[in-house]
Amino acid sequence: MSDEEYDLIIVGGGPGGMTAAIYAGRAELKTLLIEKGSFGGQITDSLDVENFPGSPHLSGQALMDRFKEHVTQSDSVSLLTTRVSGVEAAANHRQIVHTRRRGDYTARAVILDVGAKPRQLGIPGEAEFSGNGVSYCATCDAEFFKNQHVFVLGAGNQAIENAILLTKYASKVSVAVMHDEGILDCNEVDRREAMANNKIEFIWNSTLASINGEDSVTSVTVRNILTGQEHDVDATGVFSFVGMVPQTDFLPDTLARDVHGYIKVNRNQATNVAGVYAVGDCTDTPLRQVVTASGNGAVAEVNVERYLKETAQLEKIMGDTSGNEAVMFYSPYDDESVKRLEHIEALLTPRYKVNLDDITSQALLYHQLNIGSDFAVALYQQGHLKQVVDLTQGSAESKLSPVRQ
């Protein structure tokens, strides 16, 4: 294990991870950004990103190159290329990040930006011909199919956008769609363009029963999902765009995920594991775009800063074996509680050093103590919890008088 301890380790160098690294650099956090391959994620496969503010009609690779250049301007951020094999909670609010080739690294907080990969349908021949006629990236492989007939699977934005791209190379693009005629799941602009393109043929209520060939794809078997009828069509390529699968298999079972494997996060991008945050395509987000992933990264890093501040405060309280510490929990939106803060602090000050804890931004200890009130105080003596006092009802003087003796 490396002897170095980082404030923050970011696993994954997509738009969300790199944005978090930029913010961490600005905050001068000692940060390690780990990426298993090339920085940028799936957006680097896009020839034209039209909707990232301030950078219209820039290729995905060019946009991500800008992100990476921005990241490297910070002296507090280090980059490492290796594959992460696991993340493990350790003592004292630490996380251990395991890698396959470079050992283990310790951090006070972790941000996961592990992305997603194309979903496979398990069609006979799909796995066999992957890389030999079956592709999940038109930007990468379209030029190999010049003047050839190819099939596209899917009806969403990614499928139709890539079908249009393929018409620049292929002689014909057949799109197998499981919906009734005229129904697509993409945006209206792409739908109109695709429907008007004379190189695109839509095969409605259909899917592929098999992908056929010997050394590479030579034909596909098309199945009508309503009648069950099948027929073979000559084609040399199949491009599949039928959704994504989050790359979260290597993460511990203690990290909450939904039924599809996407990491569950709250509005702060925090997972159910204290000190672990997640951003981008691997999360249960309603929109997976560069702009939303970047926003996720900014939110996660700002909340990492708050988490680090809170854990440092807790370590100081728990480590103080000579004095008494009081942690007062309150909500800044509760005007009555805010008005009483100064008075209650004065009551405690003769015996306790008072720490204020805004539960809307720092809630780690609040949740650990399972406090059911929005206004309470936890009293520590020589690093040990002695009492939690609910301050919402009754007289603070009477409640605190025994502990002030």
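Since the structure is predicted, the reported quantities are computational estimates derived from the model, not experimental observations. These values consider heavy atoms only, across backbone and side chains, with no hydrogens, waters or symmetry-generated copies.
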So, taking the atom named OG1 in T99 and the one named CD1 in I34, what distance separates them when rounded to the nearest 0.5 Å? 6.5 Å
Counting only heavy atoms from other residues, nucleotides and ligands, does the tally under 6.0 Å from OH of Y23 exceed 12? no
Side chain to side chain contact (heavy atoms under 4.5 Å, CB included), paired with T31, selected from I22, V77, V71, I111: V77
Min side-chain heavy-atom separation L208-E126 under 4.5 Å: no
Can you check salt bridge (Lys or Arg N to Asp or Glu O under 4.0 Å) on R94 and E5, steps first, answer last? CA-CA 9 Å; R94 300 301 191 268; E5 178 176 289; 3.0 Å; yes
Which class fits the ring pair H149 and F151: parallel under 30°, tilted 30 to 60°, perpendicular over 60°? tilted
Hey, is the main chain of T283 close enough, under 3.5 Å, to the side chain of R288 for a donor-acceptor pair? yes
Atom CD of E188 with >12 non-hydrogen neighbours under 6.0 angstrom: yes
Any donor-acceptor pair under 3.5 Å from S373 side chain to T392 backbone: no
Side chain to side chain, M244 and P118, heavy atoms closer than 4.5 Å: yes
Sub-3.5 Å donor-acceptor pair from the side chain of T271 to the main-chain atoms of V276, do we have one? yes
Given 3.5 Å as the limit, does a donor-acceptor pair link the side chain of D281 with the main chain of A116, or not? no
Salt bridge check, D7 against K30: does any charged N sit closer than 4.0 Å to a carboxylate O? no
Has E310 got a side-chain atom pairing as donor or acceptor with L365's backbone, closer than 3.5 angstrom? yes
So which atom in N162 and which in A138 form the shortest heavy-atom distance, rounded to 0.1 Å? OD1-CB, 3.1 Å
F52 and Q289, any side-chain heavy atoms less than 4.5 Å apart: no
Please answer whether the main-chain N or O of R100 pairs with a side-chain N or O of R83 as donor and acceptor at a distance below 3.5 Å. no
Please state whether the rings of Y6 and Y105 are parallel, tilted or perpendicular, taking 30° and 60° as the class boundaries. tilted
L251 side chain near R257 side chain, heavy-atom distance below 4.5 Å: yes
What's the separation between atom OG1 in T349 and atom CD1 in I344, rounded to the nearest 0.5 Å? 11.5 Å
Indicate yes or no for a side-chain donor-acceptor contact from E35 to the backbone of G12 under 3.5 Å, with no hydrogens or angles considered. no
Within the 3.5 Å criterion, strictly below it, is a donor on Q381 or Y352 matched to an acceptor on the partner's side chain? yes
Residues N224 and S206: closest non-hydrogen pair is CA-OG, 4.1 Å
Would you say that more than 12 heavy atoms from the other residues, nucleotides or ligands in this model lie under 6.0 Å from the CD of E201, or not? yes
I'd like to know if E69 pairs up with R66 as an ion pair, taking the criterion as any Lys NZ or Arg NE/NH1/NH2 lying under 4.0 Å from an Asp or Glu carboxylate oxygen. no
If only atom types and distance count, is the side chain of N268 paired as donor or acceptor with the main-chain N or O of N303 below 3.5 Å? no
Measure from the side-chain N and O atoms of N197 to the backbone N and O of K199, and report whether any donor-acceptor pair falls under 3.5 Å. yes
Side chains of T221 and N212: does their closest heavy-atom pair fall under 4.5 Å? yes
Looking only at heavy atoms, what is the nearest atom pair of A21 and L33, with distance? CB-CD2, 4.2 Å
Mark yes when over 12 heavy atoms from residues, nucleotides or ligands other than D215 sit less than 6.0 Å from its CG; otherwise mark no. no
Is there side-chain contact between I9 and Q95, with at least one heavy-atom pair below 4.5 Å? no
Report, as yes or no, whether the 6.0 Å neighbourhood of atom NZ on K353 holds more than 12 heavy atoms from other residues, nucleotides or ligands. no
Quick check: closest heavy atoms across P53 and V291, and the distance to 0.1 Å? CD-CG2, 4.1 Å
Taking the side chain as C-beta and beyond, is there a heavy-atom pair between M18 and H70 under 4.5 Å? no
N187 side chain vs N157 backbone, donor-acceptor pair below 3.5 Å: no
Given F239, which of F145, F144, Y136 fulfils the ring pair (Phe, Tyr, Trp, His ring centres under 6.0 Å) condition? F145
Taking the side chain as every heavy atom from C-beta outward, state whether E305 and L29 have any pair of such atoms under 4.5 Å apart. yes
Can you name the nearest heavy-atom pair linking H179 to A155, along with the distance? CD2-CB, 4.2 Å
Closest non-hydrogen atom pair between D358 and P332, with its separation: OD1-CD, 3.0 Å
